[in-house]
**Student:** 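The structure is given below, and queries will be raised subsequently.
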Amino acid sequence: LSSSDLLTEAATPLHLAAIAAVALGSSLNLWLSAPDDYVKIGAPYLPGTPTYSPASTESFYAARPFLVAKRILKLATLTSAFNTGILFDWLVLGKLFKDEEYTALKNAEPERAKVALKLAEQLGPTFIKLGQALSIREDIIPSAYALELRSLQDAVPPFDSATAYDVLRKELGVTDLNEVFSELSAEPVASASIGQVYKGKLRSNGKTVAVKIQRPGILSEIALDLHVLRILTPVQTTLQNAANGVKTSQEDIDTAVALVDEWGRGFVAETDYRLEALNTVTFEKAMRERGLDAVCAPTVVEEYTRDKVLLTEWVDGTRLDSSQSPDVPRLCGVAINAYLTSKLPFSTIVAFMRILQGLYQKFAKTFLLTQFYPSFAFFFSVLLDTGVLHCDPHPGNLLRTNDGRLCILDWGMTLSVPNDLQYALLEFIAHINTQDFEALPQDFINLGFSPPDVSLERLQNSGITEGLAFAFRQLSQGGGPKKIQERVKAEFQERYGSDLSDEELRLAARADMMEQME
């Protein structure tokens with residue numbers, strides 16, 4: 001053999017390996033990009049509030065390991081560049097280069113937020129829903145991300161209208177939609193994570209209606225993502241704790257998984273359109289009984305409501321956050337009345353108050369939280385006997401009607417609070433509103449936030465009141481985490497010295513707090 005023949009013979013295995021790698025990569029890419037037939041796959045449980053079951057999920061997907069593996073690989077592939085960029089900016093340019101301000105990470109936020117929006121749309125309904133929830137939580141994510149994710153509130157990519165019409169015909173039991181509608185829009189007027197809305201006119205009475213049609217296979221798709229999130233949550237919790245220098249305990253993991261389950265229950269309930277119709281009717285009735293004529297929900301057309309189709313009378317109006325009407329501040333107060341009339345958890349009212357704070361600041365030079373509370377006696381009298389809480393209060397679900405009322409849309413995700421917590425919640429909110437921070441330790445005991453063996457005196461002596469007062473004062477001034485951080489730093493500089501570095505300020509504040517607590 002010549003030297004060239006020897007080289008060719010030696011290179012052959014490498015060529016074959018390269019060809020095999022390319023073929024494997026192409027096959028893997030085709031496998032990951034191939035759409036799954038979620039309608040055919042089915043779900044481990046039915047739509048509804050009590051149906052979500054992690055045990056049923058484990059059994060269901062244990063028989064479908066390749067489906068789970070494919071979804072995990074797809075999530076990893078789509079998010080790899082995004083996650084790597086954040087990790088590099090945080091670890092290399094921040095930690096290793098000792099940039100305490102994480103300048104590169106913060107400078108990249110506007111562009112990275114646009115990528116996050118596209119990722120949410122690519123990853124599907126579960127992550128769109130998560131993006132919607134985070135879009136009103138500037139206390140959790142940077143403002144740039146929240147701003148971009150707000151487009152998910154009422155502008156989710158729609159599914160094919162021909163498919164939607166097939167679902168509509170099947171649910172209504174007709175072969176021709178002209179039997180029910182004299183008019184029906186060719187394209188959706190709004191699209192959300194669970195379904196999309198068409199505008200139509202009923203043939204029977206000529207009323208204009210909103211026709212909400214559920215995405216085919218949506219429950220199956222949600223169930224798979226929730227199962228994957230339960231698998232990945234322990235890993236995410238461990239990495240997050242490691243980044244913060246905290247050792248991960250089993251309790252940390254159990255709590256994080258429990259949060260996924262709690263969110264999952266609400267999301268699964270949202271796929272039950274009959275439940276959404278009932279919630280809408282119940283809220284509307286409660287508002288009428290209490291004389292709150294300024295707030296309403298769409299009137300349900302019960303004759304045509306099905307498992308995957310919901311018809312309501314059409315409501316003409318403008319999103320509350322984009323309306324130029326001078327009565328928006330008044331409607332913000334109306335919204336608070338309506339939400340506090342329901343049974344509400346603190347996390348939801350905080351998120352909702354942030355929305356209304358932003359709206360109010362848009363139309364007024366100053367913002368006083370107390371202006372939203374004309375009479376706390378009213379709240380005490382009505383909070384005790386209603387059971388429907390709207391848990392998805394983003395601006396896309398708040399409409400100013402043409403006749404000047406507030407219409408609250410999308411009653412698929414709701415929650416109730418046990419009776420024994422309702423007075424405690426009201427008192428807690430009232431004390432925050434009036435800045436009576438000295439009363440908060442007793443509120444924490446009433447709400448069960450403190451361990452049962454901790455007395456009121458011990459809680460008061462712990463120094464918790466001053467810390468909470470400081471935190472709530474900062475939050476009440478508005479703005480996202482960046483603005484709050486700037487105010488906190490300025491206050492610390494005034495208190496401990498303007499010539500101290502960020503690390504020295506942090507240590508001084510910690511020492512001061514520990515001294516007071518001791």
**Student:** Counting heavy atoms not belonging to Gln250, are there more than 12 under 6.0 Å from its CD?
**Tutor:**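 Atom CD in Gln250 is packed in, count exceeds 12.
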**Student:** Could you check whether the rings of Trp90 and Tyr102 sit parallel, tilted or perpendicular, using 30° and 60° as the cut-offs?
**Tutor:**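 Correct class here is parallel.
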**Student:** Search all heavy atoms of Ser191 against all heavy atoms of Pro158 and return the closest pair with its distance.
**Tutor:**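 The pair with the smallest heavy-atom distance is OG-CA, 3.3 Å.
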**Student:** Do the side chains of Glu221 and Thr126 get nearer than 4.5 Å, heavy atoms only?
**Tutor:**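 Thr126 does not reach Glu221 side chain to side chain.
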**Student:** Check the pair Leu224, Tyr61 against side-chain contact (heavy atoms from CB on, under 4.5 Å), reporting the backbone distance first and the verdict last.
**Tutor:** CA-CA 8 Å; Leu224 174 60; Tyr61 290 110; 3.5 Å; yes
**Student:** Going through the checks in order, is the side-chain contact (heavy atoms from CB on, under 4.5 Å) test met by Leu123 and Asp225?
**Tutor:** CA-CA 10 Å; Leu123 294 174; Asp225 279 341; over 6 Å; no
**Student:** Contact between Glu111 and Val115 at the side-chain level, heavy atoms closer than 4.5 Å - yes or no?
**Tutor:**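 Sidechains of Val115 and Glu111: no contact.
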**Student:** Could you walk me through whether Lys170 and Lys308 satisfy the side-chain contact (heavy atoms from CB on, under 4.5 Å) test, starting with their C-alpha distance in whole Å, then the side-chain angles of each, then the deciding distance to 0.1 Å, before giving a yes or no?
**Tutor:** CA-CA 10 Å; Lys170 182 179 179 181; Lys308 296 179 176 61; over 6 Å; no
**Student:** Do Thr271 and Arg215 have side-chain N/O donor and acceptor atoms under 3.5 Å apart?
**Tutor:**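 No, no side-chain donor-acceptor pair sits under 3.5 Å.
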**Student:** Is there a donor-acceptor pair under 3.5 Å between the side chain of Ser80 and the backbone N or O of Thr77?
**Tutor:**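 At least one qualifying donor-acceptor pair exists.
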**Student:** What's the spacing between Arg71 CZ and Asp36 CG if we round to 0.5 Å?
**Tutor:**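 Reported to 0.5 Å precision, the distance equals 8.5 Å.
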**Student:** If you look at every heavy atom in Val209 and Val301, which pair is closest and at what distance?
**Tutor:**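 Shortest heavy-atom contact: CG1-CG2, 4.1 Å.
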**Student:** For the atom pair CG (Leu96) and CG (Leu91), what is the distance rounded to the nearest 0.5 Å?
**Tutor:**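 The CG atom of Leu96 sits 5.0 Å away from the CG atom of Leu91.
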**Student:** Working to the nearest 0.5 angstrom, can you tell me the gap between Thr84 OG1 and Phe88 CZ?
**Tutor:**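 Thr84 OG1 to Phe88 CZ: 11.0 Å, rounded to 0.5 Å.
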**Student:** Is any side-chain heavy atom of Glu262 closer than 4.5 Å to one of Arg265?
**Tutor:**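 Yes, close enough: below the 4.5 Å cut-off.
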**Student:** Does any non-hydrogen side-chain atom of Leu278 lie less than 4.5 Å from one of Trp411?
**Tutor:**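 Trp411 does not reach Leu278 side chain to side chain.
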**Student:** I'd like to know if the side chain of Thr51 and the backbone of Leu46 have a donor-acceptor N/O pair within less than 3.5 Å.
**Tutor:**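 Answer holds: yes.
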**Student:** Just how far is it from atom OG of Ser151 to atom CD of Gln132, taken to the nearest 0.5 Å?
**Tutor:**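 The OG atom of Ser151 sits 9.5 Å away from the CD atom of Gln132.
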**Student:** Donor-acceptor pair, distance only, cut-off 3.5 Å: does the side chain of Arg150 make one with the backbone of Ser135?
**Tutor:**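 Judged by distance alone, yes, a pair lies under 3.5 Å.
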**Student:** To the nearest 0.5 Å, tell me how far Arg112 CZ sits from Leu117 CG.
**Tutor:**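 So the CZ of Arg112 and the CG of Leu117 are separated by 15.5 Å.
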**Student:** For Ser193 versus Val156, what's the shortest heavy-atom pair and its separation?
**Tutor:**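 Result for this residue pair: N-CG2, 4.1 Å.
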**Student:** Give the minimum heavy-atom separation between Glu284 and Ala297, together with the two atoms involved.
**Tutor:**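 For Glu284 and Ala297, the tightest heavy-atom pair comes out as OE1-N, 2.7 Å.
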**Student:** Do you know the tightest heavy-atom contact between Arg230 and Tyr52?
**Tutor:**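 Shortest heavy-atom contact: CD-OH, 3.7 Å.
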**Student:** Side-chain contact, heavy-atom cut-off 4.5 Å: Pro47 with Asp307?
**Tutor:**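 SC-SC contact between Pro47 and Asp307 ruled out.
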**Student:** Could you tell me whether the side chain of Lys199 and the main chain of Trp314 form a donor-acceptor pair under 3.5 Å?
**Tutor:**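 Here the side-chain-to-backbone pair does not exist.
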**Student:** Give the C-alpha distance, both sets of side-chain angles, the deciding distance and a yes or no for side-chain contact (heavy atoms from CB on, under 4.5 Å) between Ile141 and Leu149.
**Tutor:** CA-CA 11 Å; Ile141 64 173; Leu149 293 175; 4.0 Å; yes
**Student:** Looking at OG1 of Thr248 and CD of Gln236, how far apart are the two atoms once the value is rounded to the nearest 0.5 Å?
**Tutor:**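 Separation between the atoms: 10.0 Å.
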**Student:** How close do Leu226 and Val260 get, heavy atom to heavy atom, and via which atoms?
**Tutor:**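 Of all heavy-atom pairs spanning Leu226 and Val260, the closest is O-CG1, 4.2 Å.
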**Student:** Answer yes or no: is there a side-chain heavy-atom contact under 4.5 Å between Val68 and His227?
**Tutor:**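 Yes. Closest side-chain heavy atoms under 4.5 Å.
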**Student:** Compare all side-chain heavy atoms of Asp410 with those of Lys212 and state whether any distance is below 4.5 angstrom.
**Tutor:**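 Yes; the side chains approach each other to less than 4.5 Å.
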**Student:** Counting distance only, does the side-chain N/O of Ser185 pair as donor-acceptor with the main-chain N or O of Pro188 below 3.5 Å?
**Tutor:**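 Not a single qualifying donor-acceptor pair exists.
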**Student:** Within the distance-only criterion (no hydrogens, no angle test), does the side chain of Gln196 pair as donor or acceptor with the backbone N or O of Phe159 below 3.5 angstrom?
**Tutor:**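 Indeed, once roles are kept as given, a pair shorter than 3.5 Å links the two residues.
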**Student:** Mind checking whether Tyr165 and Tyr198 have ring centres under 6.0 Å apart?
**Tutor:**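 Ring centroids of Tyr165 and Tyr198 are less than 6.0 Å from each other.
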**Student:** Under a 3.5 Å distance rule, please check whether Asn241 uses its side chain to pair with a backbone N or O of Thr238 as donor and acceptor.
**Tutor:**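 Checking the backbone N and O of Thr238 against the side chain of Asn241, no donor-acceptor pair under 3.5 Å is found.
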**Student:** Does some side-chain heavy atom of Ile222 sit less than 4.5 Å from a side-chain heavy atom of Lys129?
**Tutor:**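 No, their side chains stay 4.5 Å or more apart.
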